[in-house]
Amino acid sequence: MLSGVRSAAHKRLFRSEPDDLLAINWSDSSSTNGTGDQHHHWWTAFKNNFVLESSEDEYGGVVVDAGRLPSDKAAFARSLAASLSYWKSVGKKGVWLKLPVDRSEFVPIAVKEGFKYHHAEEAYVMLTYWIPEEPCMLPANASHQVGVGGFVINDQMEVLVVQEKYCGSTLDGAWKLPTGFILASEEIFTGATREVMEETGVDTEFVDVVAFRHAHNVAFQKSDLFFICMLRPVSNKIKIDETEIQAAKWMPLEEFVKQPFIQEDHMFQRSWTSASRGLGSVTAA
């Protein structure tokens with residue numbers, strides 16, 4: 001519940017409550033003991049149509065407590081309408097409403113009230129509502145995905161390469177660097193060594209970021225950041241992940257760079273230039 005006064009919320013919201021609440025006789029004989037009893041009856045009648053539990057954010061908005069939502073659609077609809085009235089009356093700005101999968105039936109209700117989709121994860125959907133009559137200042141959903149490639153060279157000047165089971169026709173039969181997406185809260189260098197280990201079984205150490213590129217309108221119209229990391233092999237034995245990798249091997253560097261798709265890849269040309277400057281110290285270590 002927002003810090004403040006529940007009674008103030010009651011007073012503001014009373015005029016817009018459903019007919020059943022408006023029809024209650026607050027001066028009923030059961031309330032003859034004074035305002036205390038009247039207040040008790042007010043709370044009893046209002047308990048299923050009250051402001052949603054929430055906390056304030058640092059920008060003058062509210063974040064609804066996803067763990068304390070009403071259990072049924074009717075109660076949620078009443079509480080959401082009451083909550084919006086209250087938040088408007090006290091000058092709140094943005095509303096963040098996180099609906100878990102087990103409350104997915106609430107989504108149409110929120111959308112009907114004016115909420116908009118912000119983002120979705122496996123276990124929930126996040127919706128937002130901007131209250132002021134001015135341009136929305138809520139931050140947009142994450143705009144980028146981040147990928148990494150492991151450029152692993154051993155002291156025989158061989159590159160660790162893979163053939164993927166599922167790839168586009170342009171890479172059919174090609175030998176490429178192990179690549180993948182970093183995980184949530186994962187560092188770029190950690191993601192690079194993890195991807196190499198998962199795909200090839202080779203343990204590596206991070207040396208440097210040797211190239212990166214920034215592309216737009218990739219998957220689902222999101223932007224894409226891709227980093228090539230130079231890695232030093234700590235082991236040499238290959239054991240592929242058979243679910244996504246067709247084959248893996250150590251390929252002579254000269255043979256690797258002669259592949260047509262590598263010749264046409266300007267990012268790799270830059271990464272090779274950067275990496276070659278440090279090859280002496282890398283292979284000698």
Side-chain angles (χ1 to χ4, degrees), residues 57 59 61 94 96-99 107 111 115-130 134-152 159-196 198-200 204 206-231 241 243-246 256-277:
D57 66 24
Y59 304 104
W96 296 88
L97 176 62
K98 180 179 180 180
L99 296 178
V107 172
V111 171
F115 278 80
K116 296 182 178 180
Y117 293 111
H118 187 269
H119 68 273
E121 296 291 345
E122 184 176 342
Y124 72 87
V125 61
M126 181 69 78
L127 299 101
T128 61
Y129 187 101
W130 182 249
E134 58 187 45
C136 179
M137 298 297 291
L138 294 176
N141 183 25
S143 59
H144 286 67
Q145 60 184 15
V146 181
V148 289
F151 188 16
V152 188
V159 184
L160 181 61
V161 293
V162 299
Q163 284 185 337
E164 296 180 339
K165 280 189 175 181
Y166 313 102
C167 61
S169 58
T170 57
L171 291 178
D172 188 30
W175 292 95
K176 59 183 286 292
L177 302 179
T179 60
F181 293 110
I182 65 171
L183 305 177
S185 303
E186 185 177 43
E187 299 291 349
I188 291 171
F189 67 90
T190 305
T193 57
R194 174 187 54 76
E195 283 291 343
V196 170
E198 289 178 355
E199 293 189 1
T200 70
T204 60
F206 173 77
V207 178
D208 200 1
V209 173
V210 294
F212 74 92
R213 64 142 172 77
H214 191 193
H216 303 288
N217 295 316
V218 188
F220 304 104
Q221 291 73 53
K222 297 295 183 181
S223 296
D224 181 272
L225 284 167
F226 183 75
F227 296 84
I228 293 182
C229 297
M230 190 171 189
L231 306 175
D241 174 9
T243 59
E244 59 177 320
I245 301 300
Q246 184 68 39
F256 174 69
V257 299
K258 287 180 180 178
Q259 296 182 100
F261 85 97
I262 294 295
Q263 291 290 318
E264 298 169 1
D265 191 330
H266 298 298
M267 181 181 65
F268 185 82
Q269 296 302 323
R270 289 193 294 272
S271 69
W272 163 241
T273 300
S274 299
S276 62
R277 299 192 186 107

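In this chain, numbering begins with 1 at the start of the sequence shown.
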Do other residues, nucleotides or ligands put more than 12 heavy atoms under 6.0 Å from the NZ atom of Lys116?
no
Could you pull out all residues at least two apart from Lys176 that satisfy salt bridge (Lys or Arg N to Asp or Glu O under 4.0 Å)?
Glu164
Contact between Trp130 and Met137 at the side-chain level, heavy atoms closer than 4.5 Å - yes or no?
yes
Quick check against the 3.5 Å criterion: does Asp208 have a side-chain atom that pairs as donor or acceptor with the backbone of Val210?
no
Check whether any side-chain heavy atom of Phe212 sits under 4.5 Å from a side-chain heavy atom of Ile228, and report yes or no.
no
Please examine the side chains of Arg194 and Leu183, heavy atoms only from C-beta on, and report whether any two atoms are closer than 4.5 Å.
yes
Measuring from Glu199:CD to Ile245:CD1, what's the distance to the nearest 0.5 Å?
4.0 Å
Could you pull out every donor-acceptor pair under 3.5 Å between side chains of residues 138-145 and any protein atom, sequence neighbours left out?
from   : atom 1 : to     : atom 2 : distance (Å)
His144 : NE2    : His214 : NE2    : 2.7
Gln145 : NE2    : Asp224 : OD2    : 3.0

Mind checking the OG1-CD spacing from Thr193 to Glu198? Nearest 0.5 Å is all I need.
9.5 Å
Pairwise side-chain contact, Phe181 with Val146, heavy-atom cut-off 4.5 Å (strictly under)
no
Can you check whether Val111 reaches Leu127 side chain to side chain, under 4.5 Å on heavy atoms?
yes
How long is the span from the OG1 atom in Thr179 to the CZ atom in Phe227, to the nearest 0.5 Å?
14.5 Å
Quick check: closest heavy atoms across Leu231 and Gly150, and the distance to 0.1 Å?
CD1-CA, 3.9 Å
How long is the gap from OG1 on Thr190 to CZ on Phe206, to the nearest 0.5 Å?
9.0 Å
Side chain Trp175, main chain Gln163, donor-acceptor under 3.5 Å
no
Would you indicate whether the side-chain heavy atoms of Leu160 and Phe151 approach each other to under 4.5 Å?
no
So which atom in Ile188 and which in Cys229 form the shortest heavy-atom distance, rounded to 0.1 Å?
CG2-SG, 3.9 Å
Over all heavy atoms of both residues, which pair between Pro178 and Thr200 is shortest? Give the atoms and the distance, please.
CG-CG2, 4.1 Å
CA sep, side-chain torsions, deciding dist, call: Ser223, His216, side-chain hydrogen bond (donor to acceptor under 3.5 Å, both in side chains)
CA-CA 4 Å; Ser223 296; His216 303 288; 2.8 Å; yes
Between Tyr129 and Phe115, how do the two ring planes meet: parallel, tilted or perpendicular, split at 30° and 60°?
tilted
To the nearest 0.5 Å, tell me how far Glu186 CD sits from Glu195 CD.
7.5 Å
Report the residues that fulfil salt bridge (Lys or Arg N to Asp or Glu O under 4.0 Å) with Glu187, sequence neighbours left out, ordered by chain and then residue number.
none
Would you sort out whether Val196 and Val152 count as a side-chain contact (heavy atoms from CB on, under 4.5 Å), showing the intermediate values?
CA-CA 9 Å; Val196 170; Val152 188; 4.1 Å; yes
Note: Phe261 and Ala174 closest approach over all heavy atoms is CE2-CB, 3.6 Å
Point-to-point distance, once rounded to the nearest 0.5 Å, from NZ of Lys165 to CG of Asp241:
8.5 Å
